[in-house]
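Take a look at the structure below.
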Amino acid sequence: MEQVHVKIINSSSNPLPEYSTGSSAGMDVRASLSQPVVLNPGKRALIPTGLRIELPEGYEMQIRPRSGLALKHGISVLNSPGTIDADYRGEIGIILANLGEEPFTVNPGDRIAQMVLSRYSSVKWDESASLSETLRGDGGFGHTGKE
């Protein structure tokens with residue numbers, strides 16, 4: 001497996017993001033809080049991580065929800081997946097939303113999201129008057145029906 005070197009500044013008291021298993025795609029990210037934050041149902045909050053990174057050109061870091069928090073408590077990353085661009089140098093903040101029915105408390109050091117490193121390509125547009133034909137054509141949402 002390829003490893004990519006990424007510079008990181010950790011101003012929190014938490015450990016660096018880490019993989020839970022050898023085959024994990026996402027690294028757990030922790031809340032850098034001085035006191036707990038209560039997320040009421042239907043509300044959102046920007047949770048600091050204390051992390052700043054320097055990604056190589058051609059990579060992004062995606063921020064994704066943790067499945068356990070989503071299933072058990074309805075906690076999700078609001079703009080999922082969030083994207084950290086290679087030229088961003090500020091602190092990484094996680095926008096958590098409570099889609100559940102009960103208040104949820106985020107405590108200092110809690111694992112709140114996952115980070116996934118992803119390579120990307122940039123687009124060079126080729127303007128055209130037409131596109132090639134396919135069986136699907138311009139069929140969109142729900143066009144195949146449900147059987």
Side-chain angles (χ1 to χ4, degrees), residues 1-126 131-132 134-136 139-147:
M1 176 182 319
E2 175 188 11
Q3 287 192 327
V4 176
H5 290 267
V6 175
K7 288 184 181 180
I8 187 167
I9 296 173
N10 183 3
S11 62
S12 79
S13 59
N14 298 319
L16 292 177
E18 57 192 351
Y19 298 102
S20 293
T21 68
S23 295
S24 294
M27 296 172 276
D28 289 330
V29 180
R30 296 176 183 271
S32 178
L33 299 168
S34 57
Q35 58 189 9
V37 171
V38 176
L39 272 176
N40 287 313
K43 299 299 180 183
R44 62 189 176 272
L46 180 63
I47 307 296
T49 65
L51 302 174
R52 296 163 45 134
I53 60 175
E54 182 178 329
L55 295 169
E57 198 64 36
Y59 287 87
E60 67 165 326
M61 191 68 78
Q62 295 181 357
I63 304 298
R64 300 180 184 180
R66 295 190 70 238
S67 58
L69 289 179
L71 177 64
K72 296 174 186 172
H73 304 286
I75 302 301
S76 190
V77 174
L78 195 57
N79 61 327
S80 183
T83 294
I84 301 165
D85 294 308
D87 59 353
Y88 178 66
R89 297 294 186 269
E91 181 180 2
I92 296 170
I94 311 292
I95 305 169
L96 289 185
N98 185 348
L99 307 176
E101 299 172 359
E102 302 291 330
F104 180 80
T105 302
V106 181
N107 292 298
D110 279 356
R111 295 178 297 158
I112 56 171
Q114 294 186 77
M115 295 171 71
V116 176
L117 182 67
S118 181
R119 185 177 292 212
Y120 67 88
S121 300
S122 61
V123 171
K124 170 70 173 115
W125 296 111
D126 293 329
L131 303 175
S132 62
T134 67
L135 289 176
R136 181 176 181 172
F141 299 101
H143 83 280
T144 61
K146 188 173 185 179
E147 296 183 32

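Just so it is clear, the values below take in all heavy atoms, side chains as well, and ignore hydrogens, waters and symmetry mates.
Taking CD from Q35 and CG from N107, the interatomic distance works out to 11.0 Å, rounded to the nearest 0.5 Å. Taking CD of Q62 as the start and CD1 of I84 as the end, the distance is 10.0 Å to the nearest 0.5 Å. Rounding to the nearest 0.5 angstrom, the gap separating the CD atom in E18 from the CZ atom in R30 is 6.0 Å.
Across I63 and M115, no two heavy atoms sit closer than the pair CD1-CG, 3.6 Å. The two residues L96 and I112 make their nearest non-hydrogen contact at CD2-O, 3.7 Å. The heavy-atom pair separating N98 from F104 by the smallest distance is ND2-N, 3.6 Å. Summarising the geometry of E57 relative to A86, their closest heavy-atom pair is CA-CB, 4.3 Å, with the distance given to 0.1 Å. The shortest heavy-atom contact between S12 and N14 is OG-N, 3.0 Å. Across all their heavy atoms, D28 and Q114 have their closest contact at OD1-CG, 4.1 Å.
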Please list, one pair per line, the donor and acceptor atoms closer than 3.5 Å that link side chains of residues 37-56 to other protein atoms, with sequence neighbours excluded.
| from | atom 1 | to | atom 2 | distance (Å) |
| --- | --- | --- | --- | --- |
| T49 | OG1 | L51 | N | 3.1 |
| T49 | OG1 | I92 | O | 2.7 |
| R52 | NE | R89 | O | 3.2 |
| R52 | NH2 | R89 | O | 3.4 |

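Residues R66 and H73 fail the side-chain proximity criterion, which asks for heavy atoms closer than 4.5 Å. Side-chain contact between S32 and P108: absent, with no pair of heavy atoms (C-beta onward) separated by less than 4.5 Å.
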